[in-house]
Amino acid sequence: MQAVNKIVDNTVDNCEELCVHRDVVDERRKQVLPNETYQGLAHIFKALGDPSRVRLIHALSFGELCVCDLADLLELTQSAVSHQLRLLRNLRLVKYRKDGKMVYYSLDDAHILDMLQQGIEHVNHG
């Protein structure tokens, strides 16, 4: 491992010398995911960047609720809740079931709950 070029910028964000550790990079390259996976993750994180959607997910983390109950709990209109739920459903973060005229939503699977809990812990203890 030898330095190829001297870097002029001495900020802490950069190495002081340009030196690629080829063995490490080659090993990590095997872990790189397809671009479609990164794009899907970015969509999920973007969806979770909206406080209303995070509130919906948190409310559903305790069990399923109908759209009317979610709207009342979160003090939003049913239209606003439905719009947000549609986006979350398209990302497979929530799922729904119809019971007569009622539509009930719940988290799509336990991984969503895990992600929410880890985020809460990070915010509260980070």
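We number each residue from 1, following the sequence as shown. In this text, all values refer to a predicted model and were calculated from it rather than measured experimentally.
- Between the side chain of H122 and the backbone N or O of Q118 there is no donor-acceptor pair closer than 3.5 Å.
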Verdict with reasoning, Q117 to L113, per side-chain contact (heavy atoms from CB on, under 4.5 Å): CA-CA 6 Å; Q117 289 172 335; L113 181 58; 3.8 Å; yes
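- R53 places none of its side-chain heavy atoms less than 4.5 Å from the side chain of L48.
- Nearest heavy atom pair, residue R55 against residue L74, reads NH2-O, 3.0 Å.
- With no hydrogens or angles considered, no side-chain donor-acceptor pair links Y105 and R97 at under 3.5 Å.
- Not a single salt bridge (Lys or Arg N to Asp or Glu O under 4.0 Å) links E75 to another residue, sequence neighbours left out.
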From CA spacing to verdict: side-chain contact (heavy atoms from CB on, under 4.5 Å), Y96, L88: CA-CA 11 Å; Y96 75 97; L88 295 172; over 6 Å; no
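- Taken to the nearest 0.5 Å, the CD1 atom of I44 stands 6.0 Å off from the CE atom of M115.
- Across every non-hydrogen atom of A47 and L91, the tightest pair is CB-CD1, 3.3 Å.
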side-chain contact (heavy atoms from CB on, under 4.5 Å) evaluation trace for L85 with S82: CA-CA 5 Å; L85 287 169; S82 293; 5.6 Å; no
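- When side chains are defined from C-beta on, R86 counts as touching H83, because their heavy atoms get closer than 4.5 Å.
- Under a hydrophobic clustering in which Ile, Leu, Val, Met, Phe, Trp and Tyr are joined whenever their side-chain heavy atoms come within less than 4.5 Å, directly or via other members, V94 and L73 fall into the same cluster.
- V103 is connected to I57 through a chain of hydrophobic side-chain contacts under 4.5 Å among Ile, Leu, Val, Met, Phe, Trp and Tyr, so both are in one cluster.
- Linking ILVMFWY side-chain heavy atoms closer than 4.5 Å, directly or via other members, places I112 and I120 in a single hydrophobic cluster.
- Linking ILVMFWY side-chain heavy atoms closer than 4.5 Å, directly or via other members, places L70 and Y104 in two distinct hydrophobic clusters.
- Looking at heavy atoms from C-beta onward, L60 lies out of side-chain contact with S106 at the 4.5 angstrom threshold.
- Distance NE2/H111 to CG/L116: 14.5 Å, rounded to 0.5 Å.
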From CA spacing to verdict: side-chain contact (heavy atoms from CB on, under 4.5 Å), V81, Q78: CA-CA 5 Å; V81 169; Q78 282 191 43; 5.6 Å; no
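- Here the closest non-hydrogen pair linking L107 and K95 is O-CE, 3.5 Å.
- If you take CG on D99 and SG on C66, they are separated by 10.5 Å, rounding to the nearest 0.5 Å.
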